[in-house]
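In what follows, every chain begins at residue 1, and chains take the letters A, B, ... in the order their sequences are listed.
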Amino acid sequence: MQTKNKSIGKRILKYWPYYLMALPGLLYFFCNNYMPMFGVLLAFKRLDVTKGILHSDWVGFNNFEFLFRNKTTLHILRNTIAYNLAFLVIGMIVAIALAILLNEIRSKKLNQVYQSMILIPYVISWVIASYLVYAFLASDVGIINNALFKPFGKEPLNWYMESKYWPFILTFCYMWKNIGYMMIIHYSSIVGISKDYYEAAYIDGATKWQTILYITLPLIKTTVITLLILNLGRIISSDFGLFYQIPKNSGALYKVTQTLDVYVYNALMGNSDFSLSSAASVFQSAVGFIFVMVTNAIARRYSKDSAIF
Amino acid sequence: MNAKKIFAVLLAVVLVVSMFAGCGKPAAETPAEAPAATNAPEGNAAAETPEESYNIVMQIVTWGNAPDEITDVEAAINAIVEPEIGVTVTLLPIAAWDLINESNITVAAGEKLDLLCVFPFGQSMDALANYTAKNMLLPLNDLYAQYGADIEKALGMEINLGYIGDTLYAIPAVSNYGLGSSFGARKSCLDAMGITIDPNKYYTIEELEVIFQTYIDTFGPGHYPISVFGGGGTDIFHHLNPIETLGGNGNGGVLLNAGLNGETTVSNLFETQEYMDYCKLMRSWYTRGFLNPDCLTIVDDVTSQMKSGNYLGNFGDMVPGSFTGMANTLGEEIVTIPVLPGYASTSAASQALWTIPTTCENPAKVMQFLNILYQDRDLANDVDSILACGVQGISYEVVEQLDGSKAVITGANVTGTWGAWVPNFLYGNSHTTPISAPNTADLYAQIDAYNQEILDSGRITDAFGYVFDSTPVSAELAVIANVVAQYRSMVGFGVVDPEEVLPEFIQALKDAGIDAVIAENQRQLDIWFASR
């Protein structure tokens, strides 16, 4: 034990400028990510401001009750997890495909044009996006009903009342907005691959498809798995803007659009009950933590380089 | 190696320094720091006077923006109250829709706040229970008995609105006892349809349907007679049926017919035959095209919808001057079609409730200050008039002097923005403050007559002033709130067939534990009645 301590002390002495460089980041993490964890206590207490958080009464798991006493809880958890998995899988495939395609474009100018075009939706807020969607789907003035359904003699559809279409609409919206950002991460790791590999492959007579399959994909595997683990940590959290704004919080769609964040918002919006909302976020964090640990353990077993820790 | 090391150290130093520079700047600009900054000079000024004045930090509800002349208003109030009771005020402007969160965070964080405004706005937007559940409010019984003589005189039985059980937690602003309901319609449309409205008669559902149908026949497709705010789990049941929501939003139980016929049984609104009938009516209105098929997803407020010109009007409260605001915004005359005669209800009468947080250091001074707000004084010394309308010459100009403290005011030729951003009915006795221009000089006389009419007609429930303390069932209510958000607007605006969906709605409420909530509400109401 002592020798280990000594070696850490020695290490710090030897590399102290680097530790100094890390200090701002560590301080930030401490202030922003660790100090608020004190609030976890709140999830198990009934807040009484005259006593303060520390001295408020313990209530055990009572605050978590509202998350699970609802019959729709199953729907909500299913929605949250299923959408996240779908976004993860579809997003990853489409983003990697786009990144590879983009990498094959030789004209620098065109490459930049395509990149920007794919990225622009990422900077559009969900509120604005919700109005864009509304312009298409509104039942009396919407483009789809007026330009497609009516001219072809089809009955106009009240889109915001028909839950069966919304899994597709939401997935489409999510891809439309986020695919550019996901693509950029993969693109940057593809660009980092040395050109020597490809040249060697061409000389050996490899086809384009083979270079993608045997050079590009294996070399970006580490990035892909890292992203996968990070995303699985948020499996029970959801993009509130997407699930609240895009369906316009229409009650008829709750069965397929309500995720845990939207549920907490609807349930607690009126009374700002800190204890109940803490309970919800503790639950999300706990599930996320378990997912990260498990996937990381699997990744480590499969290939040590891919694991985060 | 050495040069590299030096470079690394330099880089690290730059990083550390830039981090602190980054930290310092936004912190100085955050709004939380702003009141502290304005406190400082006043604290100094107070220190110079021989006896140190107590500084009261008071919330000012705004419609979004802080008014420009806030320091002028503070100075004007301090000039009156500092010599009198030795307090100064610091006004803390907060947007109405941020109020619940801001207040909760401010008190929970132990920041200085002496007057906290609970703002139900006559629509149960907020409730005392949201604060008492966390022990955030001081009981005021003793202070009220000691310092509240003028409050008692101005409020009468409206003081009941501030009680939970036997404990007084809040001093309500003087408001109407209640309201009726009416349909505000564009005069231009009614003229085009050749319909004249009799303002002294209450229109039945059938008569309203004739008007709505005529509107559709006259103006054709794309025009809808009724504009509604469809989002957020609401409906217009309360505009067609008297109802007492017992100080809550109705999810936790209501008295049907507003308890006017002596009803003392708390019922689950959504399970009643009345609600089923209402939903069927709305279903027929929806299918007849009285409502926009997109009404659930249009999130613009009713006034913005009316601006588009595609609607005849909307259901609203009926008190004198209730459609003046919309008429001003639209720049066109709105005709009030009476639907329900006025009746008193706890929810409608609860506009603004002034409370003292447990973190307050000198509650006695704060109560003395509150008492001053309810005194009827001449305009120059009337603190609640200053809070409601700002400072004369900056916020408004007097165009017509009336007897006593009442003056007709106008927004013309003034530099201030108080009138634009600060609602004027939240402070003390709002029925003695200056009247803004489009309203006529007899506004308060009309309102007083209206209140008197309600009291004389006996259209007041025995439960007036009872407020449900939802603390014991807060987990159930959180789940219920979500169920209501899912179903209420759908069935309540007739977008779906109530025969099919309402039973599903009721079952979901039962699963969420509504029966326990209703039982708890009934238990509290019985105790409340027994103690009267």
Donor-acceptor contact present, side-chain A/Arg46 to main-chain B/Lys134, <3.5 Å | no
So which part of B/Ala133 gets closer than 4.5 Å to some heavy atom of chain A, the side chain, the backbone, both or neither?
-> backbone
Please confirm whether the backbone N or O of A/Ser139 pairs with a side-chain atom of B/Asp294, one donor and one acceptor, at under 3.5 Å?
-> yes
A/Phe149 CZ: over 12 foreign heavy atoms closer than 6.0 Å = yes
Side chain / backbone / both / neither for B/Ile105 at chain A, heavy atoms under 4.5 Å | both
Structural part of B/Thr471 lying under 4.5 Å from a heavy atom of chain A = side chain
Should the heavy atoms of other residues, nucleotides or ligands under 6.0 Å from CZ of A/Arg234 be counted, would the total exceed 12?
-> no
Gap separating the CE atom of B/Met136 from the CG atom of A/Leu47, nearest 0.5 angstrom = 6.0 Å
Look at A/Trp159, A/Tyr19, A/Tyr160 and state which one has the largest set of heavy-atom pairs under 4.5 Å with chain B.
-> A/Tyr160
Under 4.5 Å to a heavy atom of chain A? For B/Asn249 that would be neither
Is it the case that A/Asn266 and B/Gln486 place a side-chain donor and acceptor less than 3.5 Å from each other?
-> no
Is there a donor in the side chain of B/Tyr224 and an acceptor in the side chain of A/Asp140, or the other way round, less than 3.5 Å apart?
-> yes
Below 4.5 Å from any heavy atom of chain A, which atoms of B/Glu102 appear? Answer side chain, backbone, both or neither.
-> neither
Contacting region of B/Ala108 [heavy-atom separation from chain A under 4.5 Å] | both
Considering only heavy atoms, which portion of A/Phe68 lies under 4.5 Å from any heavy atom of chain B: side chain, backbone, both, or neither?
-> neither
CA sep, side-chain torsions, deciding dist, call: B/Val479, A/Tyr263, side-chain contact (heavy atoms from CB on, under 4.5 Å) | CA-CA 9 Å; B/Val479 185; A/Tyr263 171 69; 3.6 Å; yes
Decide side-chain contact (heavy atoms from CB on, under 4.5 Å) for A/Met161 and B/Leu296; before the verdict, give the C-alpha distance in whole Å, the side-chain angles of both, and the deciding distance to 0.1 Å.
-> CA-CA 9 Å; A/Met161 299 300 293; B/Leu296 293 188; 4.0 Å; yes
